[in-house]
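This report concerns only the one structure given below.
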Amino acid sequence: MLGAMRYSNCFIPTLRDDPADAEVISHKLLLRAGYIRRVTSGVYDYLPLALRVLRKIEAVIREEMNRAGAQELLMPMVQPGELWEKSERMEKYGPELLRFKDRHSHESCLGPTHEEVICDLVSRELRSYKQLPMNLYQVQSKFRDEIRPRFGLMRGREFVMKDAYSFHADAESLAAEYKNMFETYTRIFTRFGLEFRPVEADTGSIGGSDSHEFHVLAESGEDLIAHCSVCDYAANVEKAVSRRACVSGEPAALAMVETPAVTSVEDVADFLSVDIGLLVKTLVYRIHGGEHDGAIVAACVAGDDQVQEIKLAHVVGADSVEMATDDDIVSIGGVTGFVGPQQLSVRVLVDSRLQGATGFIAGANRRDTHVTGLDFGRDVPAAEFADLRETRAGDRCSRCGNEIELSRGIEVGQVFALGKRYTEPMEVVFQNQQGKRSVATMGCYGIGVSRLMAAIVEQCNDAAGISWPLALAPFQIGLISMGKSNAVRDASEAIHQQLLDAGIEVLWDERNERPGVKFKDFELIGLPFQIVVGDRGLKEDAVEIGWRQQQRRAVSVADAVKVVLSEFEQATSAETTVSEATVSEATVSEVTN
RNA sequence: CGGGGCGUAGCGCAGCCUGGUAGCGCAUCUGGUUUGGGACCAGAGGGUCGGGUGUUCGAAUCACCCCGCCCCGACCA
């Protein structure tokens, strides 16, 4: 009975209209085509069609992870608070970690990720370097209490993730596994036929040293990625480094200028009739976490740039930064609306693009006043220069000097070289070759499985609905019976059986519906191939076959299944050839740089 | 957390401004006619109008509170 399904017995609640509360295409289509239903904010039911696709995605991931030498296990969703205390993340992780007490008042949480649990497990069993390296992974539900779940499966609170954790005796071994996982991910996303890009990434709350994200390119993506138009450089804008020449002002003496009620850089530039790039934006932040938790700092960038807060946080050794309040600004000697870098009683970080800049305009820290002729070297001797600005389109690549472009991406995977961030506090130790106690070094590697399903829909759809790749479709074939004649029923039944015997997944639409309804439904749910059985064709002893949204052609009833199988074979072998070639090419160029 | 929008039948919506006891399309059910691209006719079922409090003779409609959903923002002084 493999794949045997009659439409009239299937739970496929399709909708004629787009649901009003869905915004992005994948959310709309997955709802309309009967794949998902919302249970509560950011939490969804996966209906039978969705589960079939999810299982196929997982199968590819498992296959590639296993091939890469990782072993699957399964860890719990509920985790004890002590582990998070031990890793020092109980406080740090913040409100995204859903905490609760069980009936014995035991502090617990729902796992947003599993570094703690896996480290706890491995620390208990690891004794010798001979057990290393090892890579353990699972496919499991995660819960993160997101500020704003949105876009359906794209940013849910509960979601399916493949997470892998590797343990090593030394940094070289970790580097090798990192590369191995990078290649594995490239292979996986290539097999899905996705247009994607690996990019350098910030390590975020997970911590560690080195990280790449894998982004599926899509307009609806929540991330911005910067990439060079010529070389391989690509990075999340949270991390991207690029160059742009600084607009240069004439060196001049420092002077005050009246700017009554003119505060924003745009307005000041207009008011003074100067290029916005000649202004200095001074932003005041309060920093959170790290050595200077709670301190206030000022950050300056050119008027046409934006402060990249994640970069700023790194520069000041904080976990995050937050815009200061008006009171904070006053307390450090600033005047809201007219803050400038001079005479502030806090650290002043200045974007390196402004190093050596002269003739700039900045707030004067005095009401309705700006200064002109600012020269950082001369007038702000305490300034500390660092890369603080966010890369924008048209910047120059810091590697090759060519133009930087920006794209939107959906982050579907990330690999981290964690080092000893977790193994140290969690005491994952072993005896090394010299018989000495040694702390293991660690990597972790995630793929958002449910998000990946949404990302695939974002790339694989048209006006009629979803257009699944053959390898991921919930059923490969939609078998449509037209009319109620015995001839149609018998021929359909026979073909249905032959397909099942051949191991093909087929959804047989034997409903008493008009043809238009059936075609629309199949196109909406996205089955890649159709076989149409009708009286018209049977008169000539023929049925029609064809790929979704393409012209169908007539083939004899007797040959139908054979012809379909050979079409599938061709399609599959074409895909594989492409994927092998692309994998090796992408791998070499990306990891080595 | 801030701003905006929304909440009326399974889905999409109207009605609300100007208070008088709920309607349209699709879907569903019954009967009939249809059957190669979301059929037609006739009939039927289905709604505590998100919840509460208040105003009023009377509330989907007005007021207040709460809940939920969606979008934007949570930064550019």
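To find a chain, count down the sequence lines: A is the first, B the second, and so on, and within it residues start at 1.
Across all strands, A:Gly537 comes closer than 4.0 Å to base atoms (heavy-atom distances). Counting any heavy atom pair closer than 4.0 Å across all strands shown, A:Val284 reaches a base atom. Within 4.0 Å of A:Phe338, counting heavy atoms only, lie sugar-phosphate atoms of the nucleic acid but no base atom. Within the nucleic acid shown, A:Pro13 has no heavy atom closer than 4.0 Å to any nucleic acid atom. Across all strands, A:Lys484 comes closer than 4.0 Å to base atoms (heavy-atom distances).
A:Tyr7 and A:Glu513 are not linked by any side-chain donor-acceptor pair at a separation below 3.5 angstrom, with hydrogens and angles left out of the test.
A:Ser398 meets the side chain to side chain donor-acceptor pair (under 3.5 Å) test with no other residue; sequence neighbours excluded. Listed by chain and residue number, A:Thr282, A:Cys300, A:Val348, A:Ala362, A:Leu374, A:Phe376, A:Val380 satisfy the side chain to side chain contact (heavy atoms under 4.5 Å, CB included) test with A:Pro341 (two or more places apart in sequence, or in another chain). Applying the side chain to side chain contact (heavy atoms under 4.5 Å, CB included) criterion to A:Gln498, with sequence neighbours excluded, gives A:Ala494, A:Val561. Evaluation of the side chain to side chain donor-acceptor pair (under 3.5 Å) rule for A:Arg552 yields A:Gln530, A:Glu544 as partners, not counting sequence neighbours.
Across A:Pro528 and A:Trp468, no two heavy atoms sit closer than the pair CB-O, 3.9 Å. In terms of heavy-atom proximity, A:Arg451 sits nearest to A:Glu411 at NH1-O, 2.8 Å.
Rounded to the nearest Å, the gap between the C1' atom of B:G10 and that of B:G46 is 10 Å. The gap from the C1' atom of B:C70 to that of B:C75 amounts to 23 Å, rounded to the nearest Å. Across the C1' atoms, B:A14 and B:G47 are found 15 Å apart, a figure rounded to whole Å. With P as the reference atom, B:A60 and B:U33 are 44 Å apart, rounded to whole Å. The separation of B:C67 from B:G25, taken at their C1' atoms, amounts to 30 Å, rounded to a whole angstrom. Taking atom C1' on both B:C16 and B:G73, the two are 30 Å apart, rounded to the nearest angstrom. Taking atom P on both B:C13 and B:U55, the two are 35 Å apart, rounded to the nearest angstrom. Only the P atoms considered, B:G37 is 42 Å distant from B:A22, to the nearest whole Å.
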Anything under 3.5 Å between a protein N or O and an N or O of nucleotides 70-74 of chain B, put it in a table, one pair a line.
from, atom 1, to, atom 2, distance (Å)
B:C72, OP2, A:Arg148, NH1, 3.1
B:C72, OP2, A:Arg148, NH2, 2.6
B:C72, OP2, A:Arg150, NH1, 3.2

Review item, nucleotides 26-28 of chain B N/O atoms under 3.5 Å of protein N/O:
from, atom 1, to, atom 2, distance (Å)
B:A27, OP1, A:Arg16, NH2, 3.4

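Residues in residues 330-341 of chain A take part in no salt bridge (Lys or Arg N to Asp or Glu O under 4.0 Å) pair, two or more places apart or across chains. Residue pairs meeting the salt bridge (Lys or Arg N to Asp or Glu O under 4.0 Å) criterion with at least one partner in residues 283-293 of chain A, sequence neighbours excluded, are A:Arg286-A:Asp328. Annotation: salt bridge (Lys or Arg N to Asp or Glu O under 4.0 Å) contacts involving residues 37-51 of chain A, sequence neighbours excluded, are absent. For residues 348-376 of chain A, the pairs satisfying salt bridge (Lys or Arg N to Asp or Glu O under 4.0 Å) are A:Asp304-A:Arg353, A:Asp305-A:Arg353, with sequence neighbours left out. Within the structure, ring pair (Phe, Tyr, Trp, His ring centres under 6.0 Å) contacts touching residues 526-546 of chain A (residues at least two apart or in different chains) are A:Phe529-A:Trp547, A:Phe529-A:Phe568.
Across the protein-nucleic acid pair, A:Lys539 atom NZ and B:G36 atom P stand 11 Å apart, rounded to whole Å. Distance, A:Leu224 CG to B:C75 P: 18 Å, rounded to whole Å. Atoms CE (A:Met482) and C1' (B:G38) sit 13 Å apart, rounded to a whole Å. Rounding to whole angstrom units, CG of residue A:Leu15 and C1' of B:G12 are separated by 9 Å. Straight-line distance from the CG atom of A:Leu388 to the C1' atom of B:C75: 14 Å, rounded to whole Å. One can place CZ of A:Phe271 at 16 Å from P of B:A77, the figure rounded to the nearest angstrom. As a whole-Å value, the separation of A:Asp328 CG from B:A77 P is 18 Å. Look at CZ on A:Arg286: it is 13 Å from P on B:C75, rounded to the nearest Å.
The side chain of A:Glu544 approaches B:G36 more closely than any other nucleotide in the set B:U35, B:G36, B:A77. With B:A77, B:A39, B:G36 as the choices, the nucleotide that has an atom nearest any side-chain atom of A:Lys281 turns out to be B:A77. Side-chain atoms of A:Lys520 lie closest to B:G37 of the nucleotides B:G36, B:C11, B:G37. Side-chain atoms of A:Thr40 lie closest to B:C69 of the nucleotides B:A39, B:A77, B:C69.
Summarising the base pairing, B:C64 is matched to B:G52 through a Watson-Crick or G-U wobble pair whose two defining distances lie under 3.5 Å. Across the strands present, B:A9 finds no partner; the criterion is a Watson-Crick or G-U wobble pair with both atom distances under 3.5 angstrom. For B:G2, the paired nucleotide is B:C72, the pair qualifying as Watson-Crick or G-U wobble because both relevant distances are below 3.5 Å. Partner assigned to B:A77 is none, using Watson-Crick or G-U wobble distances below 3.5 angstrom. The base-pairing partner of B:C40, taking Watson-Crick or G-U wobble contacts with both distances under 3.5 Å, is B:G32. With a cut-off of 3.5 Å on both pairing distances, B:A14 has no Watson-Crick or G-U wobble partner at all.
The nearest heavy atom of RNA chain B to A:Val517 and to A:His370 marks one nucleotide each, and the one closer to the 5' end goes with A:Val517.
With rounding to the nearest 0.5 angstrom, the CG atom of A:Leu499 is 4.5 Å from the CD1 atom of A:Ile477. Once rounded to the nearest 0.5 Å, the distance linking CZ of A:Arg150 with CD of A:Glu222 reads 4.5 Å.
In this model, the phosphate group of B:A77 is not approached by any side-chain N or O of A:Thr282 to a distance below 4.0 Å at OP1 or OP2. Between A:Arg514 and B:G38 there is no side-chain N or O to OP1 or OP2 distance below 4.0 Å.
Below the 3.5 angstrom threshold, one finds a donor paired with an acceptor across the side chain of A:Arg552 and the base of B:G37.
Side-chain atoms of A:Lys311 come within 3.5 Å of backbone atoms of A:Arg389 as a donor-acceptor pair (strictly under, hydrogens ignored).
Less than 4.0 Å separates RNA chain B from at least one heavy atom of each of the following residues of residues 521-534 of chain A: A:Asp521, A:Glu523, A:Gly534.
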